[in-house]
Amino acid sequence: MRRAAYALLVANIAVGTLPSIAQDVVPWKEVGNWTVNVDRTVQDGCYMYAIGVRGTISRIGFTSSRALYWMLGHDDWQSLEKGKEYSISVSFDGASPFTGRMRAVQLRNSVLLGIEIPRGFLDQFMRSQIMEVMFGDRRVARLNLRGSYAAGEELILCQTMIDGGRTPQAGPPARDPFSNIPSGTAPRDPFR
């Protein structure tokens, strides 16, 4: 039951913002094991999230200024301190890691990690199958990203539609310059 309450809480948050009530979230679309919603507390910023098999929650979305953010959390991470920064490295499919400092954010009874991310992080997230998160020399999460490409496309579509057809700051996923298939005629996800 605690996991379900935690999942509901995480589904209703954005970096540095606490919604007052659940009506602040508008469902958009289910994409495989990912959920895409609109968060009213950040000027209708769209986000996608999934809960891993071991309870780790990953969320990527748009802030009110349409920058991208990523959040990561788990019920077991009770030692996280609100406001403290943690050095984290993230690798996708074993490639060179992204490194950064994630800030712990208090959300009612839980503390999650959050960070603004560059567009390249979202691109890697969408194109990868496995994401590993390290804190020092300890692996704190290993997430299966199956379906993240389609969910990421839906995230970008959601924000584009919400913003009245204006493409969000992050823009659409990079196209494959080696493909001879005209744009929009075939799925771009090689794992579908």
Side-chain angles (χ1 to χ4, degrees), residues 4 6-17 19 22-53 55-73 90 92-93 98 112-131 133 141-177 179 181-192:
Y6 183 71
L8 178 62
L9 172 67
V10 171
N12 290 308
I13 60 169
V15 175
T17 305
Q23 289 95 349
D24 291 335
V25 172
V26 177
W28 181 266
K29 187 174 185 178
E30 297 289 324
V31 183
N33 61 333
W34 294 89
T35 300
V36 179
N37 289 333
V38 179
D39 186 339
R40 297 273 189 217
T41 66
V42 289
Q43 296 179 351
D44 295 337
C46 295
Y47 67 93
M48 61 188 251
Y49 81 96
I51 303 171
V53 293
T56 304
I57 296 179
S58 183
R59 173 176 166 160
I60 290 182
F62 289 96
T63 67
S64 57
S65 65
R66 299 308 182 241
L68 287 164
Y69 67 85
W70 172 54
M71 295 188 83
L72 186 69
V90 178
F92 295 99
D93 295 335
F98 285 88
L112 303 172
L113 296 172
I115 188 173
E116 264 193 28
I117 56 171
R119 176 53 201 258
F121 186 98
L122 176 60
D123 290 343
Q124 281 297 112
F125 191 92
M126 289 172 63
R127 286 181 167 75
S128 300
Q129 296 298 300
I130 299 292
M131 178 173 85
V133 182
R142 185 173 193 274
L143 302 170
N144 183 331
L145 299 180
R146 184 175 345 127
S148 61
Y149 194 94
E153 285 185 318
E154 194 62 38
L155 168 70
I156 292 166
L157 175 64
C158 171
Q159 198 62 64
T160 301
M161 298 290 288
I162 292 293
D163 290 343
R166 292 185 328 267
T167 303
Q169 180 179 341
R175 304 297 258 175
D176 180 358
S179 173
I181 299 172
S183 174
T185 60
R188 292 175 287 168
D189 181 359
F191 300 104
R192 257 192 244 174

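Please read all numbers here as calculations on a predicted model, not as lab measurements.
- With hydrogens and angles ignored, the 3.5 Å screen pairs no side-chain donor or acceptor of Asp24 with any backbone N or O of Thr41.
- For the residue pair Ser58 and Leu143, the shortest heavy atom distance occurs at CB-CD1, 3.8 Å.
- Side-chain contact between Leu122 and Ile60: present, with at least one pair of heavy atoms (C-beta onward) separated by less than 4.5 Å.
- Between Leu68 and Pro118 the shortest heavy-atom distance is CD1-O, 4.5 Å.
- Under the 30°/60° scheme for interplanar angles, the aromatic rings of Trp70 and Phe121 are found to be tilted.
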Would you tabulate the side-chain donor-acceptor contacts of residues 29-36 under 3.5 Å, counting partners in other chains and residues two or more places apart, or write 'none'?
from	atom 1	to	atom 2	distance (Å)
Glu30	OE1	Thr35	OG1	3.0
Glu30	OE2	Thr35	OG1	3.2
Trp34	NE1	Arg146	O	3.1

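- Looking at Asn37, its side chain never comes within 3.5 Å of a backbone N or O of Val25 through a donor-acceptor pair.
- Thr63 places a side-chain N or O within 3.5 Å of a backbone atom of Ser65 that can act as its donor or acceptor partner.
- Ser148 and Ser128 make their closest contact through OG-O, 3.9 Å (heavy atoms, listed as atom of the first residue, atom of the second, distance).
- Across every non-hydrogen atom of Phe62 and Val42, the tightest pair is O-CG2, 3.9 Å.
- For Gln124, the side chain to side chain donor-acceptor pair (under 3.5 Å) test picks out no residue, with sequence neighbours left out.
- Residues Cys46 and Ile162 have side chains in contact (heavy-atom distance under 4.5 Å, counting atoms from C-beta outward).
- The line from CG of Asp39 to CG of Asp44 is 8.5 Å long, rounded to the nearest 0.5 Å.
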